[in-house]
Each structure stands twice: as C-alpha cells, then as structure tokens.
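The shown structure was predicted, so the numbers you read here are calculated from the model rather than taken from an experiment.
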There are 2 protein chains.
Amino acid sequence: MRDPDPNGQARRHSRADIVRAALQLLDDEGLPNLSMRAIADRIGVQVSALYWHFRNKQTLLAQVSERLLESGTIDSDAAGDIESIAVNFHERLLAYRDAAELVSSSLALGLITLPARPLIHDAAVRAGLEEQGATIAADTIVHFVIGFTFHQQQRMNADSAGVAIHETATMTVADIGSQGDDFRAGLRLITAGIRATVAESRTA
Amino acid sequence: MRDPDPNGQARRHSRADIVRAALQLLDDEGLPNLSMRAIADRIGVQVSALYWHFRNKQTLLAQVSERLLESGTIDSDAAGDIESIAVNFHERLLAYRDAAELVSSSLALGLITLPARPLIHDAAVRAGLEEQGATIAADTIVHFVIGFTFHQQQRMNADSAGVAIHETATMTVADIGSQGDDFRAGLRLITAGIRATVAESRTA
DNA sequence: ACCTGAACACCGTTCAAGT
DNA sequence: ACCTGAACACCGTTCAAGT
C-alpha cells in the first residue's frame, strides 16, 4: 500500500508530504480555512498526528511559506536588477491564494527569511548604495511588495466571493489590468529614490 | 445606576461605549486576545448582546480601527509635507498595541478608509506630481508605513513576551533606537523618488 | 517512530425568549 | 430597544494509549 523505507518501517507521512498538502489546501480554500483539522483530513490522519511532526501550527505554516517562496527562485535573479527581483517575488506571492498574508505573518514572527531580501540588498549595492542604505532599501521594497500583494489578494477574494456590491462592482477590465501597472509604478518610485540617493552621494 | 436617556429608557450601552472598551482591551491584551467574549466581559454583558449593536466582529473591529486613526489627526497635516504626514500616521499606529495589523485587515476588507491617504495624495500634488502619480505615491507610502509598523509591533510583542532567545537578544539599545531612524530613512527613499520623478517630468 | 481517541479550553454566530 | 441563555459548529493543543 505504501513504500516501506530502507529499514522496513511503515513511515506513513513525511514533513514534506504534510507541507505539500497544506499548500494545496491553502490554494484551494484560502488561509481562513487552513485549519489543522482540515490539513489532517486532507492526508487522512487525526489532527493530533500533526503535532508529532510540527511543534505547533505557526511552524507548520512557516514551512508552507518557505516552500511557496523557494520553489521558483530564478538563477538570473542573483545578478538581476532590483525591479526584476521584486517582480519575480511579487509573481511568486501571486501564485498561491492568500500567500502574502501567510508570508507576512510568518515573517513577522521571525520564523522565515525571504530569499528576495539579500538579492535586493546586493542589487542595491551594485546600484551604488552603501551597506546601510542597501539594507533600508531592501526592507522598504519588501514592505511594499508584501503590503501591495496582501491588499491585492484580499480584493481578489472579495471579488470571487461576490461580496463587492459597492465600488468594486464598477471596476472595469482596464482597472483590473492596471493593478500590475500600479505595482510597477510604485516600485519605480522607490527605485527612482535609490538612483537619486546614489547620485546625491556622488556630488557630495 | 445609569443615566436614562431623554425618553426614560434604560439605554445600557452605546456603540461608542463598546468600541471604546474594545480599544482599551486591544491595548491591554493584544489583537489575538481581542475576542467577542472578552469584549463582552469587559462591559459586563453577554456575547450575543454585541450582535445587536454590530453585524459581526469585523465591522466592530473596523470601528475600532477608525477610532484609533481619527483621534489625533492634526490640523497642520492638511497642509504639511509628505514626510510629516507619514510620521504622524506612524505615531498614531504606534499608540496602540497591534494597531497596524488591525488597521491592515480592516483596510484589506474595504471596511475603512485612511485619513492619511488623501492628505498624502494632496501633498504629493503640491510637490508637483500629477493625479495618477500622486495616487500611486500615496498607496506606496501607505503600504510602507503599515508594513513597517506591523513588523515593528510584532517584534515588540515578541520582545515583551521574552520569546526572543535568538538574535533579538543581541539587540543593543542603539539598535532599538535606530528603528525610528530606519522608518524615516525608508520614507526618505520614497520621497526622494517622488522628487526625482517630478524633476524628470519637468525636463521632458 | 508514528498515529489514534478523547478531552480541554476556547472561538464566532444565531436565535428564541425575556424586559 | 436592548439583552439573556443556550445552542451550533467550529478552533489549537495536549496526552495517554496503541502499534
């Protein structure tokens, strides 16, 4: 029924199995429905079984966050410019329902680190910023990307639930399409600030 | 025992009373402990009584968000520059425990508007940005302020809980003091971007 | 090593019924 | 108009016990 492992034991579920199932469930049902019981149901196990694999719900969710972030870190990012790294980060968050909120809380609890952060930092250094300035730039961009995507995904949920009787109802196709443009425009505002800061430090 | 209202009825609790109690409770116990039962307990009433005053928990929390934001909108903000408006907004969020997270979720659900947003928008127009650019600038700054403060308050919670055995333990007094500086530095990066964008549009 | 079953102390929300 | 009491369908977490 199930592959035995080398020593012939049963080995019913690995940590990775559970994280994968939880990620699936997140995308299908959204963060509010991602309960320990729902995850346990998904893999056909009792809730309490999850507590053999994970200390608590937050650490399980942190590993889900990590998995959803790591999956597609593109090689070229390591040498890319700030804007493309941020766009890539944004796209990865958009790939799963409620990902921004999930990542935001794991991050706030200090349970994960963002692969994009050092990439942006280094790109900022390459752009001419010093250590300290690059750290602030990376944090600013990370806050922007997560905040923007959080808001964006919440609107997506509201729209798909049809709860939007008010202004959202008047949103045209052009408005929806402009969200991606707004993201890039916000990003460019920050990168323009970085370039201006670099230029200023050179004339000083 | 209790002031009767003009028509001699009992009038036990107004909406404003409940919101005030909830705001108190938020500051004392934090957002995770701000349950409907805890709020009801605080004012000496059954949980179900709250549902006569509010449709559900989210709308109650939205009114708490509004109250915590409105209380100190300074007159000079209306004509101030972007940085001082943002600093004022930041300070108001810092005035109550977990305020950034609370406001973030009320905002995402579309249940509140931020007083700071039109102020920043208008200040951006005054700085030379056009309508569309000013909207994007306001959103970018709002995302930054909320994201930064959310993260900051979560760290404050972790610290006060003494959960921080890892790096936070090595945080010096200078590090703590530098958080305010980091906020201003991030803000200045964005305002530098605004100035650069304005300057660029004038040479074009 | 990995999981079951049952329990504990909670949640948000609804609704008939009281005054 | 404003609130009680009780119930419903959930939560996260713990723990003895099984295999």
Side-chain angles (χ1 to χ4, degrees), chain A residues 1-22 25-26 29-64 98 101-102 105-106 109 111 157 161 163, chain B residues 1-22 25-26 29-65 98 101-102 105-106 109 111 161 163:
Chain A
M1 212 93 200
R2 199 172 268 287
D3 291 356
D5 71 359
N7 57 27
Q9 295 287 326
R11 193 152 219 320
R12 289 96 127 189
H13 295 287
S14 70
R15 244 152 277 239
D17 288 338
I18 298 170
V19 169
R20 224 184 333 261
L25 198 57
L26 171 72
E29 315 276 359
L31 191 57
N33 297 310
L34 191 61
S35 68
M36 292 298 268
R37 278 166 231 262
I39 298 168
D41 277 5
R42 188 81 148 203
I43 62 178
V45 101
Q46 296 290 323
V47 210
S48 48
L50 298 179
Y51 288 85
W52 191 89
H53 294 279
F54 302 92
R55 206 153 29 72
N56 52 36
K57 187 183 184 182
Q58 284 304 334
T59 69
L60 197 171
L61 292 190
Q63 300 201 28
V64 175
D98 293 342
E101 185 175 1
L102 174 67
S105 92
S106 295
L109 293 170
L111 300 174
N157 285 341
V163 191
Chain B
M1 211 99 199
R2 200 173 268 286
D3 291 356
D5 71 0
N7 57 26
Q9 294 289 325
R11 195 156 216 317
R12 288 95 129 190
H13 294 287
S14 69
R15 243 152 278 239
D17 287 339
I18 298 171
V19 169
R20 224 184 331 264
L25 197 57
L26 171 72
E29 315 276 0
L31 190 57
N33 296 311
L34 191 62
S35 68
M36 293 297 269
R37 278 167 231 263
I39 297 168
D41 276 5
R42 188 80 149 205
I43 61 179
V45 102
Q46 296 290 323
V47 211
S48 48
L50 298 179
Y51 287 85
W52 191 90
H53 295 278
F54 302 92
R55 209 155 24 75
N56 51 37
K57 188 184 183 180
Q58 283 306 332
T59 70
L60 198 171
L61 292 190
Q63 300 202 27
V64 175
S65 301
D98 293 342
E101 186 175 2
L102 174 67
S105 92
S106 294
L109 293 170
L111 299 174
V163 191

query = Just to confirm, is there a sub-4.0 Å distance from OP1 or OP2 of D:dG5 to any side-chain nitrogen or oxygen of B:Gln46?
reply = yes
message = C:dC3, OP1 or OP2 - any side-chain N/O from A:His53 closer than 4.0 Å?
response = yes
Separation of atom [atom1] in [X] from atom [atom2] in [N], rounded to whole Å:
{"X": "A:Gln58", "N": "D:dC11", "atom1": "CD", "atom2": "C1'", "value": "14 Å"}
{"X": "B:Asn33", "N": "C:dC10", "atom1": "CG", "atom2": "P", "value": "11 Å"}
{"X": "A:Met36", "N": "C:dC11", "atom1": "CE", "atom2": "P", "value": "19 Å"}
{"X": "B:Arg15", "N": "D:dA1", "atom1": "CZ", "atom2": "C1'", "value": "11 Å"}
{"X": "A:Glu29", "N": "D:dC10", "atom1": "CD", "atom2": "C1'", "value": "15 Å"}
{"X": "A:Leu60", "N": "D:dG12", "atom1": "CG", "atom2": "P", "value": "11 Å"}
{"X": "A:Tyr51", "N": "C:dT4", "atom1": "OH", "atom2": "C1'", "value": "15 Å"}
{"X": "B:Ile43", "N": "D:dC3", "atom1": "CD1", "atom2": "P", "value": "7 Å"}

Closest non-hydrogen atom pair, [X] against [Y]:
{"X": "A:His13", "Y": "A:Val45", "result": "CD2-CG2, 4.2 Å"}
{"X": "A:Phe54", "Y": "A:Thr59", "result": "CB-OG1, 3.8 Å"}
{"X": "B:Ser35", "Y": "B:Lys57", "result": "CA-NZ, 4.1 Å"}
{"X": "A:Arg37", "Y": "A:Val47", "result": "CG-CG2, 3.5 Å"}

ask   = Pairing of DNA chain C as dot-bracket, 5' to 3': ( ) intra-strand, [ ] crossing, | other strand, . unpaired, with Watson-Crick or G-U pairs under 3.5 Å?
value = ||.|||||...|||||.||
task = Assign each of B:Ala49 and B:Lys57 to its nearest nucleotide of DNA chain C by heavy atoms, then name whichever residue's nucleotide is nearer the 5' end.
result =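 That would be B:Lys57.
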query = Just checking A:Ser48: base, sugar-phosphate only, or nothing, at a heavy-atom cut-off of under 4.0 Å?
reply = base
message = With side-chain contact (heavy atoms from CB on, under 4.5 Å) as the criterion, how do B:Arg20 and B:Asp17 come out once you've worked through the C-alpha distance, each side chain's angles and the decisive distance to 0.1 Å?
response = CA-CA 5 Å; B:Arg20 224 184 331 264; B:Asp17 287 339; 3.2 Å; yes
task = Apply side-chain contact (heavy atoms from CB on, under 4.5 Å) to A:His53 and A:Ser14, showing your working.
result = CA-CA 8 Å; A:His53 294 279; A:Ser14 70; over 6 Å; no
task = Might you work through the side-chain contact (heavy atoms from CB on, under 4.5 Å) test for A:Asn33 and A:Leu26, ending with a clear yes or no?
result = CA-CA 8 Å; A:Asn33 297 310; A:Leu26 171 72; over 6 Å; no
request  = Considering only atom C1', compute the distance from D:dC2 to C:dA16 and round it to an integer number of Å.
outcome  =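 Roughly 15 Å separates the two C1' atoms.
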remark   = Testing D:dG12, C:dC11, C:dC3 for proximity to the side chain of B:Arg37, the answer is C:dC11
